[in-house]
Visitor: 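Structure below; questions to follow.
Reminder, nothing fancy here: chain letters follow the sequence lines and each chain counts from 1. Because the structure is predicted, anything quoted here is derived from the model rather than measured.
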Protein chains: 4
Amino acid sequence: MKKNKPKYHQIIDAAVIAIAENGYHQTQVSKIARQAGVADGTIYLYFKNKEDILISLFQEKVGTFAVKMKESIQIKAKAAEQLRMLVENHFTMLTEDPYLAVVTQLELRQSNKELRLKINEVLKEYLLLIDQILQGGIDDGEFRSNLNIRLARQMIFGTLDEMITTWVMNDQKYDLTASASDVVEMLLNGFSAEKRR
Amino acid sequence: MKKNKPKYHQIIDAAVIAIAENGYHQTQVSKIARQAGVADGTIYLYFKNKEDILISLFQEKVGTFAVKMKESIQIKAKAAEQLRMLVENHFTMLTEDPYLAVVTQLELRQSNKELRLKINEVLKEYLLLIDQILQGGIDDGEFRSNLNIRLARQMIFGTLDEMITTWVMNDQKYDLTASASDVVEMLLNGFSAEKRR
Amino acid sequence: MKKNKPKYHQIIDAAVIAIAENGYHQTQVSKIARQAGVADGTIYLYFKNKEDILISLFQEKVGTFAVKMKESIQIKAKAAEQLRMLVENHFTMLTEDPYLAVVTQLELRQSNKELRLKINEVLKEYLLLIDQILQGGIDDGEFRSNLNIRLARQMIFGTLDEMITTWVMNDQKYDLTASASDVVEMLLNGFSAEKRR
Amino acid sequence: MKKNKPKYHQIIDAAVIAIAENGYHQTQVSKIARQAGVADGTIYLYFKNKEDILISLFQEKVGTFAVKMKESIQIKAKAAEQLRMLVENHFTMLTEDPYLAVVTQLELRQSNKELRLKINEVLKEYLLLIDQILQGGIDDGEFRSNLNIRLARQMIFGTLDEMITTWVMNDQKYDLTASASDVVEMLLNGFSAEKRR
DNA sequence: AATGAATGAGCATTCATTCAT
DNA sequence: TATGAATGAATGCTCATTCAT
């Protein structure tokens, strides 16, 4: 299995740095190779093509991300606390890896529709986690019973994504985590209250 | 003024169709020209370069969008009604122009950072409109006084954007407007209720 | 006859200025038209194509040049004096028209072989004039009887051309005419003296 | 070092042939590549851009030219003999490489001013060689003491250049070397004799 | 005669991928 | 495994020329 060899991760990490520093379209395969300290041709021993590097990058990073997130959330019982944990962790993880933040929020979106569909496939696991929190909240009576889970999940993900993208576009120069509490409150209000009128 | 000549809009409309059908990177200038029924060189009588077509496209379409939106909203007095109107119109307008939906939600995001900053510049007008609704709601007591406007705006825009993108990625095959009411409720709940506990 | 209409010369003069200021390859037909104060299309009422402007330009300017030169020379009796007059006039005329100097020495040489052959055709009249001086000098016994006229003419023209080109390449910043006397001496020495040994 | 690899010279030689046969402006990079038997992209592994091929071509050919010329001249003691050797060699070398003659006398002059300045830079070495011959002749008393070296050099170079260009423009169909002796005589007469009167 | 909007052919260069070593 | 020299397809833009008005 290629994924267990050191050069596999070496190349992926090089890709994150190269793309974050140079931008998606300015990052040629040869630049990733140079950053990784391998020859151009070596890349193709570990990845099918350039697109495969990007998908693998996303799988590795978001996969790790989702696993850690799951673990963090399991220690909380209530859906509200789980959601708070999810938002805080989401912000913290990206704050701690500025290169990855740039790559996921800005650069990878410059890829074509086909690649984005594959990226969405990887994201599904994470979105499912959100769904589980929401379903739990409904089951426990924390959220209203007629909550539209799909919609609620899109609200959560869309809000976080917009917040983070804006933060990255502003060169990550303010504290993203400081807004975690406020945004969680607004989301929870949206989910818990009975339908107005 | 070039913008008043018929070919200006002819080319922009052709660009929307060509990009929606072929994807951003597969849309050569010659393809736009063919779609518009003009020679390649004619494009350059109306636009500085290929990027300028895209920026102009966005300005024309989102500019029109924002103007219409402003007019629609002014006939409503309450912020809640204004927000409902905004969401409904946003969904309706994109539903009525499927090509434009694909271009704004998927294809235009594949542009480089520089172009995206220009696009954001155009978007500002629309985001300001949301801010005005929110501020009105606070002033009227509809929304809680300590509402974080920036956050609320990001929640609105992020949620709508995520909903629409998902809808477009699913080939626009379900009724987006049907969710308008539900999402407005959730957003309003988030803004109106007092901070929990 | 087109050549008698004012716009004919208006366009040629505009071409000299435009080419001198912008360089041969940077001088589009539209630039000449703008400089001449006419529409692009108007150019083609007076000239067959772009190349025709250049040939006509050369014909007009060098034609005038040759006619003036002939007149100047006729007042001198001796070949040596005629040659001196030719060199002085050649230098003076180009010194007095810096734009033309740039165009003939630098810019027009960037044209293709075909155009250069036509230019050479125009030059023939001038070269013939030199030949006449040389033949006169031989007939009068000023120059040695076995002087190779073709070679002598190439020496005269080549030397002048090289001197002027160097002067133009150095932005015409020194006094070209100051060297006239010296160069004439050297040339005359080359022609008059008996074959050495 | 790229210059030591066989493909470097392979491409330069191909460029000489392609430009001589097709003309400067009709010689696309792909044509040079085809002539050299390499792929278009390979050109760019050895040259920065198309202009760089031309400059390198000139450097290689004229560089070799100047080196050979220096060696040939050193075996002669008298300036007159050195000049005769220079003219003969100059003619012989270009006669032996008809393609190069076309390229240097006609095609390379069609380049823009910037490129021509670089070409002149390369030529300087050759012009310096002429200056050294002239200075030697003055020191030895072969040439008159008040000889203007700059002028004499321009006369030599200008005359040779004009002769060769005319010869190339006439499709090299006569024997250039046959005129070497005569032209040298005329030049020497110009330099050696005391100022007339 | 004059205009100028419209035309469309033409080309240097990049870079993902291959493959002989 | 690893290399890196070589490949060659792909495209935005310019500008001389035309022609309807």
Visitor: Is there a side-chain polar atom (N or O) of A:K48 under 4.0 Å from OP1 or OP2 of E:dT17?
Guide: no

Visitor: In whole Å, I'd like the distance from the CD1 atom of A:I53 to the P atom of E:dT17.
Guide: 8 Å

Visitor: Side chains of B:Y99 and B:E21: donor-acceptor distance under 3.5 Å anywhere?
Guide: yes

Visitor: Between B:K50 and C:K50, name the one whose nearest nucleotide on DNA chain F is closer to the 5' end.
Guide: B:K50

Visitor: In this structure, how many angstroms lie between the C1' atom of F:dT11 and the CD1 atom of B:I32, rounded?
Guide: 13 Å

Visitor: From C-beta outward on D:Q28, which listed nucleotide comes closest to its side chain: E:dC11, F:dG12, F:dA16?
Guide: E:dC11

Visitor: Would you say C:K50's side chain and C:V29's backbone share a donor-acceptor pair under 3.5 angstrom?
Guide: no

Visitor: For B:D52 and F:dG12, what is the distance between atoms CG and C1' respectively, to the nearest whole Å?
Guide: 14 Å

Visitor: Starting from C1' on F:dA16, measure out to CD on C:Q26 and report it in whole angstrom.
Guide: 15 Å

Visitor: Just by distance, do the side chain of A:R109 and the backbone of A:T104 share a donor-acceptor pair under 3.5 Å?
Guide: yes

Visitor: Take atom NE2 of D:H25 and atom C1' of F:dA16, then tell me their distance rounded to the nearest Å.
Guide: 15 Å

Visitor: Tell me which of A:Y44 and D:S30 sits closer to the 5' end of DNA chain E, going by the nucleotide each one is nearest to.
Guide: D:S30

Visitor: Can you tell me how far CZ of D:R116 sits from CG of D:L123, rounded to the nearest 0.5 angstrom?
Guide: 10.0 Å

Visitor: Rounded to whole angstroms, how far apart are NZ on D:K5 and C1' on F:dA5?
Guide: 8 Å

Visitor: Within the structure provided, determine whether A:F65 and A:L100 are in side-chain contact (heavy-atom separation under 4.5 Å).
Guide: no

Visitor: Side-chain contact test, heavy atoms from C-beta onward, threshold under 4.5 Å: evaluate it for C:V38 versus C:Y46 and give yes or no.
Guide: no

Visitor: Between D:E107 (side chain only) and D:Y24 (backbone N and O only), is there a donor and an acceptor less than 3.5 Å apart?
Guide: yes

Visitor: Just the rounded figure in Å: distance from P of F:dG12 to CG of B:L54.
Guide: 11 Å

Visitor: When you get a sec, tell me which of E:dT13, F:dA16, F:dG12 is the closest nucleotide to the side chain of B:V29?
Guide: F:dG12

Visitor: Any N/O pairs under 3.5 Å between the protein and nucleotides 2-4 of chain E? List them or say none.
Guide:
{"unit_1": "E:dA2", "atom_1": "OP1", "unit_2": "C:K7", "atom_2": "NZ", "d": "2.8"}
{"unit_1": "E:dA2", "atom_1": "OP2", "unit_2": "C:Y46", "atom_2": "OH", "d": "2.6"}
{"unit_1": "E:dT3", "atom_1": "OP2", "unit_2": "C:A39", "atom_2": "N", "d": "3.0"}
{"unit_1": "E:dT3", "atom_1": "OP2", "unit_2": "C:T42", "atom_2": "OG1", "d": "2.4"}
{"unit_1": "E:dG4", "atom_1": "N7", "unit_2": "C:G41", "atom_2": "N", "d": "3.2"}

Visitor: Any chance you could measure A:I55, atom CD1, to A:L117, atom CG, to the nearest 0.5 Å?
Guide: 10.5 Å

Visitor: Once pairs are restricted to Watson-Crick or G-U wobble with both distances under 3.5 Å, how does DNA chain E read as a dot-bracket string, [ ] for crossings and | for other-strand pairs?
Guide: .||||||||||||||||||||

Visitor: Quick test of your reading of the model: are C:K118 and C:E121 salt-bridged, counting only N-O distances below 4.0 Å?
Guide: no

Visitor: Could you state the CZ-C1' distance from A:R34 to F:dG4, rounded to the nearest angstrom?
Guide: 13 Å

